[in-house]
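First comes the structure, then the notes that go with it.
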Amino acid sequence: MTVIDPETQAGWVPEADEVDDEEEMPLSLRLSIADTLTLGNATCGFMAVYFTTTGILIPHLTGSQESGMARHSAATAVILMLCAAVFDLFDGLVARKLRSSPMGAELDNLSDLISFGLAPAYFVLVYGMVADDAHQRVAAVGAIVVLLAVVLRLARFSCVTLKDGMFQGMPSPFGALTVVSIVLLELPFVATLLAILGTAWLMVSRVEYPKPRGRLAGAMLAWIVLSMGLLAAWAFDAPSGQLLLQTGCALQLVMGAVIPLFATARRVNNFRGNRREARAAQLP
C-alpha cells in the first residue's frame with residue numbers, strides 16, 4: 001500500500017537499502033552458517049550439563065554405585081565441551097571468510113558462556129558433591145569463581161580492543177578444558193581447588209595468549225581430537241587408559257602455563273629489536 005504524506009502529497013516508497021537487503025537474501029543465508037556453528041557450540045555446552053547431571057550427580061544422590069556409568073558420563077560431558085571448542089574454532093574461521101552477521105558476536109558470547117562458563121563450573125560443583133575428599137561448599141565457591149571469571153572475560157573481550165593476533169587472558173575454551181583437566185587428574189582437594197582458582201585468575205588476567213589461527217588452529221584441532229581419543233580410552237577402560245588420560249590432563253595444564261611464556265618472549269624480543277633499531281638510527 002502506498003502511503004501519502006499529507007504535506008507534500010508525495011507517495012512514500014521503500015528506501016533503497018531495504019530493497020537491497022531483500023535482494024541479498026542468498027548472501028544472508030550464506031552468512032548464517034557461522035551462526036549455526038555458534039548454536040552448535042551452545043547445544044554441546046547444554047548437553048554437557050545434562051550428562052553431568054544424569055550420569056554423575058543423580059546416581060550419586062540415589063546411591064547408585066555404577067562407577068562405569070559415571071566414568072562414561074564424565075567422559076561424554078568433557079567430549080561435548082571439546083566439541084563446543086571445535087564449533088567455536090570453526091565459527092570464527094567461517095565468520096572471517098564470509099563476514100559475520102550483525103548478531104554473530106552476541107551469539108558467540110552467549111554460547112561461550114554456556115559451554116565454557118556454565119558447563120565447567122557445574123562440573124566443578126558436581127565434583128565437590130561426589131568426590132570422597134571434597135568439600136561441597138568450598139567446591140561451590142570454586143565453581144562460582146570459574147563462572148564469574150568467564151563472565152568477566154567475555155565482557156572485557158566485547159569492550160576492549162586488543163592488538164591483532166592476541167588474547168588478553170586465557171581464552172575461555174582453553175580455560176574450560178584446563179578446569180576439567182584439573183578435576184580429572186584427581187589430585188588432593190586443596191591442590192585441585194588452588195589449580196582451579198589459578199586458572200580462573202589467568203582468564204581474567206592481562207597475560208597474553210595467541211589467537212588460534214593458521215598452524216596454531218590446526219595444532220589446536222589436533223590436540224582436541226587427541227583429547228577425545230584419550231577420554232574414550234578412559235571411558236571404555238582401555239589398557240593404561242587412566243594413565244593416558246592423566247598424561248593428557250597434565251599436558252593441558254603445562255600448555256596453559258607455557259603458552260603465554262612464548263608470547264612474553266616474543267614481546268621482549270620485539271622490544272629489544274626496536275631498541276636496537278632506534279639506537280642504530282641515532283648513530284651518525
Side-chain angles (χ1 to χ4, degrees), residues 44-61 70-71 73-82 84-85 109-157 167-207 209 227 231 234 245-246 248-257 259-260:
C44 289
F46 174 78
M47 292 305 297
V49 173
Y50 169 80
F51 277 100
T52 303
T53 302
T54 58
I56 303 175
L57 180 60
I58 292 179
H60 172 76
L61 296 177
R71 187 169 61 247
S73 298
T76 302
V78 179
I79 287 175
L80 284 166
M81 293 185 216
L82 289 166
N109 277 347
L110 293 172
S111 298
D112 286 355
L113 179 58
I114 296 172
S115 299
F116 311 126
L118 176 62
Y122 187 71
F123 199 81
V124 171
L125 179 65
V126 172
Y127 155 75
M129 299 176 68
V130 304
D132 295 333
D133 64 336
H135 301 277
Q136 181 176 337
R137 294 182 179 178
V138 180
V141 173
I144 292 173
V145 170
V146 170
L147 179 62
L148 294 181
V150 175
V151 170
L152 292 172
R153 199 219 172 286
L154 293 174
R156 185 178 66 183
F157 178 76
F167 285 121
Q168 188 177 81
M170 180 183 285
S172 53
F174 199 89
L177 299 181
T178 303
V179 166
V180 297
S181 295
I182 293 168
V183 174
L184 292 176
L185 273 175
E186 298 182 357
L187 300 171
F189 177 73
V190 174
T192 298
L193 182 64
L194 291 176
I196 289 173
L197 295 178
T199 303
W201 175 82
L202 281 173
M203 283 193 281
V204 297
S205 70
R206 297 183 181 276
V207 178
Y209 283 78
S227 299
L231 285 162
W234 174 66
L245 177 67
Q246 291 182 339
C249 291
L251 287 175
Q252 177 72 27
L253 268 66
V254 170
M255 287 192 297
I259 286 177

Problem set entry | Test side chain to side chain contact (heavy atoms under 4.5 Å, CB included) applied to Q168 and F157, step by step | CA-CA 8 Å; Q168 188 177 81; F157 178 76; over 6 Å; no
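- Between L113 and L154 the shortest side-chain heavy-atom distance falls below 4.5 Å.
- Across all their heavy atoms, A200 and A149 have their closest contact at O-CB, 3.6 Å.
- Annotation for G142 and L197: closest pair CA-CD2, 4.4 Å, computed over non-hydrogen atoms.
- Once rounded to the nearest 0.5 Å, the distance linking CZ of R156 with CE of M203 reads 11.0 Å.
- The minimum heavy-atom distance between Q252 and S181, with the atom names listed, is CG-OG, 3.4 Å.
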For this session: For side chain to side chain contact (heavy atoms under 4.5 Å, CB included), just list the numbers for R153 and F116, CA-CA rounded to whole Å, side-chain angles, deciding distance to a tenth of an Å, and then say yes or no.
Result: CA-CA 11 Å; R153 199 219 172 286; F116 311 126; over 6 Å; no
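- Scanning both residues, A77 and T52, for their nearest heavy atoms gives CB-OG1, 3.4 Å.
- Between the SG atom in C249 and the CD atom in E186 there is a gap of 9.5 Å [rounded to 0.5 Å].
- Considering CD1 of I182 and CG of L253, their distance stands at 4.5 Å, rounded to 0.5 Å.
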For this session: Determine, step by step, whether L231 and L82 satisfy the side chain to side chain contact (heavy atoms under 4.5 Å, CB included) criterion, reporting the C-alpha distance in whole Å, the side-chain angles of both residues, the deciding distance to 0.1 Å, and the verdict.
Result: CA-CA 11 Å; L231 285 162; L82 289 166; 3.6 Å; yes
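- Looking only at distances, no side-chain donor or acceptor of S73 sits under 3.5 Å from a matching main-chain atom of I56.
- Each of T199, T192, L194 was compared with I196 under the side chain to side chain contact (heavy atoms under 4.5 Å, CB included) criterion, and only T192 meets it.
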For this session: Could you check Y209 against L202 for side chain to side chain contact (heavy atoms under 4.5 Å, CB included), going step by step and ending with a plain yes or no?
Result: CA-CA 10 Å; Y209 283 78; L202 281 173; 3.8 Å; yes
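- Atoms CD1 and CE, from I79 and M47 in turn, are 13.5 Å apart once rounded to the nearest 0.5 Å.
- Looking at heavy atoms from C-beta onward, I259 lies in side-chain contact with F174 at the 4.5 angstrom threshold.
- Between atom CG of residue L177 and atom CG of residue L184 there is a gap of 10.5 Å, rounded to the nearest 0.5 Å.
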Do any side-chain atoms of residues 123-135 form donor-acceptor pairs under 3.5 angstrom with protein atoms, and if so which ones, sequence neighbours left out?
from : atom 1 : to   : atom 2 : distance (Å)
D133 : OD2    : F189 : N      : 3.2

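- Taken to the nearest 0.5 Å, the OG1 atom of T53 stands 13.0 Å off from the NE2 atom of H60.
- Shown here for A176 and P120, the closest heavy-atom pair between the two residues is CB-CG, 3.7 Å.
- Proximity of a side-chain donor or acceptor of R71 to a complementary backbone N or O of W234 within less than 3.5 Å is detected.
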